[in-house]
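Since this is a predicted model, take the numbers as computed values, not measurements. Lettering follows sequence order; numbering is per chain, from 1.
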Number of protein chains: 2
Amino acid sequence: MPLDPLSSTFAALADPTRRAILARLALGETSVMELAKPFDMSLPAISKHLKVLEHAGLISRGREAQWRPCRIAPASFKQADGWLGNFRRFWDESFNRLDGLLEEMKAEEAAKAPPRSNRKVRVKKEKQRGRTRG
Amino acid sequence: MPLDPLSSTFAALADPTRRAILARLALGETSVMELAKPFDMSLPAISKHLKVLEHAGLISRGREAQWRPCRIAPASFKQADGWLGNFRRFWDESFNRLDGLLEEMKAEEAAKAPPRSNRKVRVKKEKQRGRTRG
DNA sequence: CATGTACTTAGCTCATCGGTTAAATAACCT
DNA sequence: AGGTTATTTAACCGATGAGCTAAGTACATG
């Protein structure tokens, strides 16, 4: 019984070895052997991890002679990030509903104006919203 | 053996029931009974899910009489989102900052894997592969 | 064709996970 | 004290997951 895409994506991300593999792949496409080197783990274990990542849509694999180069596949990352985005207002002050609307407007404006990358403002501040506690 | 925080967070997110619980909590703090209603599942099962979410730092729980109100806890969301953010350039065109973000990420993940990987790439034939992402 | 390299599949073990029911705890209300 | 409501803990079960070793497949080259 196959899990829904979001579940298999998050499940794939829930392993430090696999996250390290992805981090490595963020630097560029590479082979299984190369990916396996940093780990004190058998090659079949790595192969399984790659299969999990591929099935989760986080990587894609090609074929080049006897090598199977792996590379990051964006779609599942985007989907996971999108899901988390629904909660962004809980930690990102600049991301409440109003700001969301404003940003959409800005994005639309920016499509006509000179492109300045300001899609997201990183705010270091962390603050609790009003809560009915005591 | 406790998992690292990022792993337990992603593992907690890898279940549709738990994600639905979080989606419900995004609408506001509520009780276990209330959270359990939409699911065709026993109460202890929900209780376990909440424990997983709490342990992952995705929710926090208070006490109000005999109720244990649950609410979203931002920190782990933020951390997961931050990790995913390291890959944002792969799908977000407006995310072109090639800072030392990857370095941070590598450092964090490499702390869990033995960094014995400084070997030269064993290139037999100067076979040029990869680098499609340049 | 034979051998080597890169990788995957098969089959096993053991731990963890998601679910169950039954019983226990905690706080409220007579 | 006794009962009701809300929630957790205990004990169990089947499925899945991460690791292993050994064997199999795909391609390259001598």
Side-chain angles (χ1 to χ4, degrees), chain A residues 1-4 7-21 25 29-56 58-71, chain B residues 1-4 7-22 25 29-56 58-71 112-114 119-130:
Chain A
M1 208 65 99
L3 288 182
D4 62 291
S7 293
S8 42
T9 297
F10 281 129
L13 292 175
D15 184 285
T17 301
R18 287 194 291 260
R19 286 200 308 281
I21 287 175
L25 288 177
E29 174 172 332
T30 191
S31 72
V32 177
M33 276 300 193
E34 197 57 34
L35 285 171
K37 270 175 189 156
F39 304 102
D40 188 16
M41 196 179 292
S42 72
L43 212 50
I46 299 292
S47 190
K48 271 192 181 181
H49 281 306
L50 292 175
K51 196 187 222 170
V52 171
L53 289 169
E54 185 179 28
H55 181 253
L58 290 163
I59 67 171
S60 70
R61 289 195 269 186
R63 159 149 281 183
E64 228 171 286
Q66 66 254 232
W67 294 277
R68 251 139 270 205
C70 304
R71 70 196 75 91
Chain B
M1 200 85 74
L3 288 182
D4 62 292
S7 292
S8 44
T9 297
F10 280 128
L13 293 175
D15 184 283
T17 302
R18 287 194 291 260
R19 286 200 307 279
I21 289 175
L22 291 173
L25 288 177
E29 174 171 332
T30 192
S31 72
V32 178
M33 275 299 194
E34 197 57 34
L35 285 172
K37 268 175 190 157
F39 304 102
D40 188 15
M41 197 180 291
S42 72
L43 215 49
I46 300 292
S47 188
K48 273 190 180 181
H49 281 305
L50 292 174
K51 197 187 221 170
V52 171
L53 288 169
E54 186 179 28
H55 181 253
L58 289 163
I59 68 171
S60 70
R61 289 194 269 188
R63 161 150 285 194
E64 226 168 288
Q66 66 254 234
W67 295 276
R68 264 84 191 273
C70 304
R71 68 196 79 90
K112 290 150 194 141
R119 297 184 53 182
K120 270 292 201 254
V121 184
R122 195 153 61 180
V123 183
K124 285 293 181 111
K125 279 297 179 70
E126 187 55 54
K127 182 107 182 175
Q128 176 72 289
R129 63 176 160 280

Tell me the closest heavy-atom pair linking L50(B) and I59(B), and the distance in Å.
O-CD1, 3.6 Å

L53(A) has an atom CG; how far is it from atom C1' of dA18(D), in whole Å?
13 Å

Specify the separation, in whole Å, of atom CG of D15(A) and atom P of dG17(D).
12 Å

Nearest 0.5 Å, what's the CG-CG distance between L22(B) and L53(B)?
5.0 Å

Please list every donor-acceptor pair under 3.5 Å in which a side-chain atom of residues 8-16 of chain B meets a protein atom from a residue at least two apart or in another chain.
unit_1 : atom_1 : unit_2 : atom_2 : d
S8(B)  : OG     : D4(B)  : O      : 3.3
S8(B)  : OG     : P5(B)  : O      : 3.1
T9(B)  : OG1    : P5(B)  : O      : 2.9
T9(B)  : OG1    : A56(B) : O      : 3.3
D15(B) : OD1    : T17(B) : N      : 2.8
D15(B) : OD1    : R18(B) : N      : 3.2

Less than 4.5 Å apart, any side-chain heavy atom of M33(A) and any of L43(A)?
yes

In whole angstrom, what separates F10(A)'s CZ from dT16(D)'s C1'?
20 Å

Any side-chain N or O of R61(B) under 4.0 Å from OP1/OP2 of dT8(D)?
yes

Work out which heavy atom in E64(A) is nearest to a heavy atom in E29(A); give both atom names and the distance.
OE1-OE2, 4.4 Å

Using atom CE of M33(A) as one end and atom P of dC27(D) as the other, report the distance to the nearest whole Å.
17 Å

For L25(B) versus C70(B), what's the shortest heavy-atom pair and its separation?
CD2-O, 3.3 Å

Gap between atom NZ of K37(B) and atom OG of S31(B) - 0.5 Å precision:
7.0 Å

Estimated bend of the helix from dC1(C)-dG30(D) to dT30(C)-dA1(D) (axis per five terminal pairs, rounded to 10 degrees)
10°

Taken to the nearest whole Å, CD1/I21(A) to C1'/dC7(C) is 14 Å

Can you tell me how far C1' of dT8(C) sits from NZ of K51(A), to the nearest Å?
7 Å

Atom pair distance, as rounded to whole Å: CG in L3(A) and P in dG18(C):
10 Å

What pair of heavy atoms forms the shortest contact from A45(A) to M41(A), and how long is it?
CB-CG, 3.4 Å

From OG (S47(A)) to CG (L35(A)), nearest 0.5 Å
11.0 Å

Nucleotide by nucleotide, 5' to 3', does protein get under 4.0 Å of the base (B), only the sugar-phosphate (S), or neither (-) in nucleotides 20-30 of chain C, counting heavy atoms?
BBB---SSS--

Write down the distance between CG (L13(A)) and C1' (dG17(D)), rounded to a whole number of angstrom.
16 Å

What nucleotide among dA18(D), dT9(C), dT9(D) has an atom nearest to a side-chain atom of V52(A)?
dA18(D)

